[in-house]
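Contents: one structure, followed by commentary.
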Amino acid sequence: MSVGSTSSSTETKNQTTSTGYDAYSDMDMEEFISLLITEMQSQDPLNPMDNTEVMQQLTQIQAIEANNRLNDTLEAVQLGQAMSTASSLIGKEVEALTDDAEYVTGTVDRVTVVDGVPKLHIGDYEATLTNVSAIMAAETE
């Protein structure tokens, strides 16, 4: 994609959109702004970018930022739900595949979060919530 030519960037964008892949979707906000500034500095002063193109690019900046905020919010909600589910297993007997690929059966002692993933502590073992294969019914006395 040529930074100095708006028609080339428009053609490239249209090609990527027709294949179902938008090159802007993988950019973060700083990369996009840097690209926009470089494009504006490199444009032909006798044939500058028109206001419509500038507004489209500013709209894309806003869309990228909104997507980033939405992704952050969804990740936080997902972690909250996973923590709620994992904490409801404290004191319950479960069967799970540990992080060391061993099956273990035991009581969940506590829950921690490691790299954004809830970990169940079953004795000396750790297992992710997604690796729980069974939850045993509480014994009635």
Side-chain angles (χ1 to χ4, degrees), residues 1-45 47-141:
M1 175 162 89
S2 173
V3 174
S5 171
T6 57
S7 63
S8 175
S9 69
T10 303
E11 289 170 13
T12 303
K13 183 180 176 218
N14 288 340
Q15 289 172 355
T16 58
T17 304
S18 68
T19 62
Y21 176 76
D22 182 3
Y24 294 121
S25 65
D26 290 337
M27 281 189 184
D28 66 9
M29 185 65 117
E30 291 177 21
E31 291 172 327
F32 190 87
I33 291 173
S34 176
L35 180 64
L36 179 61
I37 290 171
T38 302
E39 185 174 349
M40 292 180 88
Q41 289 173 339
S42 301
Q43 69 182 332
D44 180 0
N47 185 19
M49 199 180 335
D50 69 9
N51 290 341
T52 304
E53 289 179 77
V54 173
M55 289 307 294
Q56 287 174 343
Q57 291 186 353
L58 290 174
T59 300
Q60 287 174 330
I61 289 173
Q62 291 172 337
I64 290 170
E65 185 61 29
N67 283 337
N68 289 341
R69 285 193 311 265
L70 180 60
N71 284 338
D72 292 345
T73 301
L74 290 175
E75 286 173 5
V77 168
Q78 182 180 16
L79 177 59
Q81 289 177 334
M83 280 300 294
S84 177
T85 302
S87 65
S88 73
L89 296 175
I90 294 175
K92 294 191 177 174
E93 188 172 350
V94 298
E95 182 179 289
L97 182 64
T98 68
D99 293 345
D100 298 325
E102 297 179 43
Y103 276 101
V104 64
T105 300
T107 303
V108 177
D109 302 324
R110 63 190 171 102
V111 175
T112 59
V113 176
V114 178
D115 296 326
V117 177
K119 299 280 186 172
L120 305 175
H121 294 266
I122 307 163
D124 293 335
Y125 299 98
E126 281 187 1
T128 59
L129 184 60
T130 56
N131 287 342
V132 172
S133 57
I135 302 168
M136 283 36 138
E139 295 181 21
T140 55
E141 295 181 21

Exercise. Could you pull out the closest heavy-atom pair between V132 and A96, with the gap in Å?
Key: CA-CB, 3.9 Å
Quiz item: Given side chains that start at C-beta, do those of L58 and Q62 come closer than 4.5 Å, heavy atoms only?
Solution: no
Quiz item: CD1 of I90 to CG of D109: how many Å apart, nearest 0.5 Å?
Solution: 9.0 Å
Practice problem: Quick one: list whatever passes side chain to side chain contact (heavy atoms under 4.5 Å, CB included) with T59, sequence neighbours left out. | Solution: none
Self-check item: Minimum side-chain heavy-atom gap V111-L89 below 4.5 Å
Solution: no
Practice problem: Taking T85 for its side chain and Q81 for its backbone only, find out whether a donor-acceptor pair lies under 3.5 Å. | Solution: yes
Quiz item: Could you state the interatomic distance from CD (E65) to CG (L70), rounded to the nearest 0.5 Å?
Solution: 11.5 Å
Exercise. Look at atom CG of N71 and say whether more than 12 heavy atoms of other residues, nucleotides or ligands are closer to it than 6.0 Å.
Key: yes
Exercise. Might you point out which heavy atoms bring I122 and T105 nearest each other, and give the distance in Å?
Key: CG2-C, 4.4 Å
Exercise. Determine the minimum heavy-atom distance between A127 and T98, stating which atoms define it.
Key: CB-CA, 4.1 Å
Self-check item: Listed partners of D99 passing salt bridge (Lys or Arg N to Asp or Glu O under 4.0 Å), at least two apart
Solution: K119
Quiz item: Do you know the tightest heavy-atom contact between M136 and V94?
Solution: CE-C, 4.0 Å
Quiz item: What distance separates T130 OG1 from L97 CG, expressed to the nearest 0.5 Å?
Solution: 9.0 Å
Quiz item: Should we count CD of Q78 as having more than 12 external heavy atoms under 6.0 Å?
Solution: no
Practice problem: Look at the side chain of T73 and the backbone N and O of R69, then say whether any donor-acceptor pair between them is shorter than 3.5 Å. | Solution: yes
Quiz prompt | Greater than 12 external heavy atoms within 6.0 Å of E30's CD | solution = no
